[in-house]
Amino acid sequence: MFIGVLGGYILFVAKTLSLYIHIPFCIKKCNYCNFYSIPYKSKLVNKYITYLKKEIELFSPDQNYTIKTIYLGGGTPSLLSFTHLFKIITAIKNKYVISENPEVTLEANPINVNKTAVKNWKVCGINRISLGVQSFNNSELKILGRLHSENEIYPVVEIIKEYCTENISLDLMYGIPFQTKETWRLSLKKAVSLQPKHISSYCLSIEKGTYLADKRNEYTFPDENMQSDMYYQMIEYLAENNFYQYEISNFSHIGFESKHNLAYWNGEEYIGFGPASHSFYNMKRVNNYSEINKYFECLDNQELPIENSKEISIREFISDKIVLGLRLNQGISLSEFKEKYNFDITKEYEQITKKFLSSGYLTIQNDRLKLTSKALFVSNSILSEFV
Ligand code: SF4
């Protein structure tokens, strides 16, 4: 808690916190997905919401937090009914102080969007929608195992704008089997034509245990060079259309960056509720059990469903800060970092920074350490050296 003095009054300013709520249900598993998700069954969802409320009530932070962002992710949170959503939001409001203008995001699948649902989202305080579009090409959507078609996307975006919010983010994917630079460009063009405020991009990776991994011999996947071309093609096209890249894979109009994700990248505290969710608070990294029955069992015993809780050292905290901070296009202010954490990045990581500065993967501009353009597509291998 920060204590300041203003005009003779002592101010107690609660720490801000971001909340993530995991909704693990999906109608059907997508062909590329290895997230924790389970088939939607209405009875199970009812039970889950009761337990989720229980978890929210049971968790007692030892500080006064003000919630600045709430993110309902999944799975498919747009499958929830008004009553379910309302119960979750009420449980949060009963437990925490909410900031004046919280960002409240709901991840939505286009197949769940209709006027009634969207109006209800607004009533529940949802003011940002992250829409899982992935592609505007029907063959690509079929390969991904998505349930919507291109033509369903357009009216869905209009309904969200008219009845809930203009603050829409579209998820787009590249590296899809048989995708070409032309079809990717067309998807980008169609996405931009819908005038979303934000675009998140994902490079398809084939994860073990997924349908696409099993069928990989039947498909032709864009190779790494092609993926890289698609990535830089996207950066160029979105820049031409007034989307600025504020993070390796995220683009927005100014003022519409994802506040929730920025909290992660700025190394701020967050708490996740639901199976498989993660938290970071009080210098601890915590993760919940993934399996829903284990989750229920813990809460039946009045215990939080925590599988692991690990205190992190100052050094780990600093290394996280660097890795996350370098994801942002503004990079890290070296002088601020030194002042705040008494840590000189270029000295403490002398060999690594020298290596990447001389090879042109890192740059220092006006005191800010940043990834260069050519480093963005291979950022994982660069950032891993700071761990
Ligand atoms: S909707 Fe999302 S979470 Fe569900 S299966 Fe598809 S990618 Fe996975």
Verify the distance criterion only: is there a donor paired with an acceptor across the side chains of [X] and [Y] at less than 3.5 Å?
X    : Y    : answer
S149 : N138 : no
E316 : S319 : no
E207 : S205 : yes
N127 : T165 : no
Y202 : Q134 : no
Y71  : E103 : no
S37  : K29  : yes
N64  : Y96  : no
H198 : S252 : no
N288 : H22  : no
Y174 : Q233 : no
T346 : D344 : yes

How about [X]: does its [atom1] atom have over 12 heavy atoms from other parts shown lying under 6.0 Å from it?
X    : atom1 : value
Y40  : OH    : yes
F35  : CZ    : no
K370 : NZ    : yes
E339 : CD    : no
N366 : CG    : no
K197 : NZ    : yes
N342 : CG    : no
K28  : NZ    : yes

Under 3.5 Å: donor-acceptor pair, side chain of [X], backbone of [Y]:
X    : Y    : value
W184 : M230 : yes
D367 : S335 : yes
T183 : Q179 : no
S187 : F136 : yes
S358 : K354 : yes
R368 : Q330 : yes
Y36  : I292 : yes
S78  : A108 : no
N329 : Q245 : yes
N301 : E303 : no

Closest contact, heavy atoms only, [X] versus [Y]:
X    : Y    : result
H253 : N241 : CE1-O, 3.9 Å
N282 : Y65  : OD1-OH, 3.8 Å
F86  : T90  : O-OG1, 2.6 Å
L17  : I271 : CD2-CD1, 3.5 Å
S359 : K374 : O-NZ, 2.9 Å
A263 : S18  : CB-OG, 3.4 Å

Could you check whether [Y] and [X] have their ring centres less than 6.0 Å apart?
X    : Y    : value
Y246 : F256 : no
Y48  : F25  : yes
Y289 : Y295 : no
Y20  : Y270 : no
Y237 : F243 : no

Exercise for review: Could you walk me through whether I23 and I88 pass side chain to side chain contact (heavy atoms under 4.5 Å, CB included), step by step?
Suggested key: CA-CA 11 Å; I23 308 297; I88 297 171; 4.0 Å; yes

Do [X] and [Y] sit within salt-bridge range, that is, some charged N less than 4.0 Å from a carboxylate O?
X    : Y    : result
E140 : R146 : no
E57  : K95  : no
E385 : K355 : yes
K161 : E166 : no
R185 : E182 : no
E348 : R315 : yes
K321 : E268 : no

Review point. Parallel, tilted or perpendicular: which fits the ring planes of Y51 and F296, with parallel below 30° and perpendicular above 60°?
Key: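 If you compare the ring of Y51 with that of F296, the planes turn out tilted.
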
Practice item. Evaluate the criterion side-chain hydrogen bond (donor to acceptor under 3.5 Å, both in side chains) for residue pair T76 and N109; output intermediate values, then yes/no. Key: CA-CA 7 Å; T76 313; N109 187 318; 4.8 Å; no

Point to revise | CA sep, side-chain torsions, deciding dist, call: F356, T353, side chain to side chain contact (heavy atoms under 4.5 Å, CB included) | key: CA-CA 5 Å; F356 288 129; T353 44; over 6 Å; no

**Study point:** Nearest-0.5 Å distance that lies between atom CG in L144 and atom SG in C33
**Key:**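 One finds 11.0 Å between CG of L144 and SG of C33.
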
Review point. Does the pair I332 and I345 meet the rule for a side chain to side chain contact (heavy atoms under 4.5 Å, CB included), with working shown?
Key: CA-CA 10 Å; I332 299 169; I345 299 176; 3.9 Å; yes

